[in-house]
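Order of the sequence lines fixes the chain letters, A, B, ..., with proteins taken first and strands second; residue numbering starts at 1 for each chain. Everything numeric here is computed off the predicted structure, so don't read it as measured data.
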Amino acid sequence: MSGNNRDRANRDRARAKRVVQEQLAKERRRRVTLWTSLGVVVLLVVVGLIGWGVAANQESDKTAGLTTPSVAVDEGTAFAVGTGPVKIDIYEDFICPACGQFETGAASTIDQLVAANKVTVQYHPIAILDRASSTEYSTRSAAAAAAAAQGGKFAEYHKALFANQPEEGGAGLDDAKLIELGRSVGLTDAAFADAVNNGTYKAWATKVTDTAAARGVNSTPTVLVGGKALESPTPQALMAAVGAAGA
Amino acid sequence: METGQSARTRIGWLWVSTAARLGLAAVWLVAGGLKVGDLAASGRAVNAYRLFPYDVAKVIGAAQPFLEIALGLLLLAGLAVRLSAGISAGLLVIFIAGIISAWARGLQIDCGCFSTGGELGAGQSPQYAWDLLRDAGFLLLAGILLWRPRTRYSIDGVLMGEQ
């Protein structure tokens, strides 16, 4: 009888101990969940802010020492070819294959329109494909085009760059080649070569790209006639739009 | 008392959740890692959805890769798994909504899920259906973790005193 009582007392004690342990474990899980959750929320907020800070830093690094070519038009973000009444805006990246195709197809149409004094073409050399080359060719070529514009040879140099367009995924053209192309269109002075070698207009290329993005230009080529974007940038669409704009 | 059957089910789910956790961690680490190198491009990818003013898109584009990497590391370590899975699910729902909205508006863009995205050139067509299917798959992983957040080799397990 007394043995039975002792057994029962032992069982009760064991049960009570288990209940207490379960309570403690539960309490511990609650505490761990609370603190880890708080920690994670704080961590994610801090990490997001770090991202913002890093981006702002990168932007100010890339636009430090901004030199805007004095010949640039449209808030210093484009180079004008021709003086006709209908305005055409062309946003291009010199490594973008679709831009190369557009140039191949539409260059003679554009030349005719310019020669007939029907249009003014504003070229915006933007750099959205820096990752498509190992040397940030997009930025370097846009900067070189700015140097060429400053030397009075934008239209010629622009054509030379597309005629020698490098493949995506490679190293792009090096600075020596960019200078050589300049020489081939008559940019023989030291000012052009120095601007390419020193990357004088690289910050400007970044600014032009940012301005374009702020205007909603997210792809290349983007072609606007009289401020209205062509849905599909082909020579035919370009001619039609220029005709509709009254030239 | 736990029966043999339910113990086996429990252990089975433990491993399913562990695989889901590591899979989702890899998704976030790769997605964030591919974008973190060019934050300006990441901002332009957000801008291509035309849902936010450019200045807002830039901030989102800058913060997003860092958040993705942080979530990836949390899941990899197994810290606050249920919360991390919940935030992952929330982000994925936002991404899916963004892709549907781009599709509905007929935008020709790369979703920027695993790249710095942006608009597509002539002759390229968007892969919205495939993007949506893929994001739904990731959402399923997050769902598994929300439902069964206990996994092997997790810091949560150590802190809870289970392992």
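The closest donor-acceptor contact from the side chain of B:Asn47 to the backbone of A:Asn218 lies at 3.5 Å or more, if one exists at all.
Contact count against chain A (heavy-atom pairs under 4.5 Å) is highest for B:Leu83 among B:Leu79, B:Leu71, B:Leu83, B:Ile60. Each of A:Ala214, A:Ala213, A:Ala55 has some count of heavy-atom pairs under 4.5 Å with chain B, and the biggest count is that of A:Ala213.
Minimum heavy-atom separation, B:Phe66 to A:Val47: O-CG1, 3.2 Å. Shown here for A:Asp210 and B:Lys58, the closest heavy-atom pair between the two residues is OD2-NZ, 3.2 Å. The nearest pair of heavy atoms linking A:Gly48 to B:Leu67 is N-CD2, 4.2 Å. Nearest approach of A:Gln58 to B:Leu39, heavy atoms of both residues: OE1-CB, 3.7 Å. Residue B:Arg44 comes nearest to A:Ala127 through the heavy atom pair NH2-O, 3.8 Å, listed as atom of the first residue, atom of the second, then distance. Among all heavy-atom pairs drawn from B:Leu74 and A:Leu44, the shortest one is CD1-CD2, 4.4 Å.
There is no contact between B:Ile155 and chain A, counting heavy-atom distances below 4.5 Å. The part of A:Val32 that comes within reach of chain B is its side chain, from C-beta onward, which places non-hydrogen atoms under 4.5 angstrom from that chain.
For the pair B:Leu159/A:Arg28, no side-chain contact is recorded, criterion being any heavy-atom separation below 4.5 Å from C-beta on.
Considering CE of B:Met160 and CZ of A:Arg30, their distance stands at 11.5 Å, rounded to 0.5 Å. Residue A:Arg131 holds its CZ atom at 7.0 Å from CG of B:Leu34, rounded to the nearest 0.5 Å.
More than 12 heavy atoms of other residues, nucleotides or ligands shown are found within 6.0 angstrom of CH2 on B:Trp15. No more than 12 heavy-atom neighbours from other residues, nucleotides or ligands sit within 6.0 angstrom of CD on A:Glu167. Around CD of A:Gln21, the count of heavy atoms belonging to other residues, nucleotides or ligands within 6.0 Å exceeds 12.
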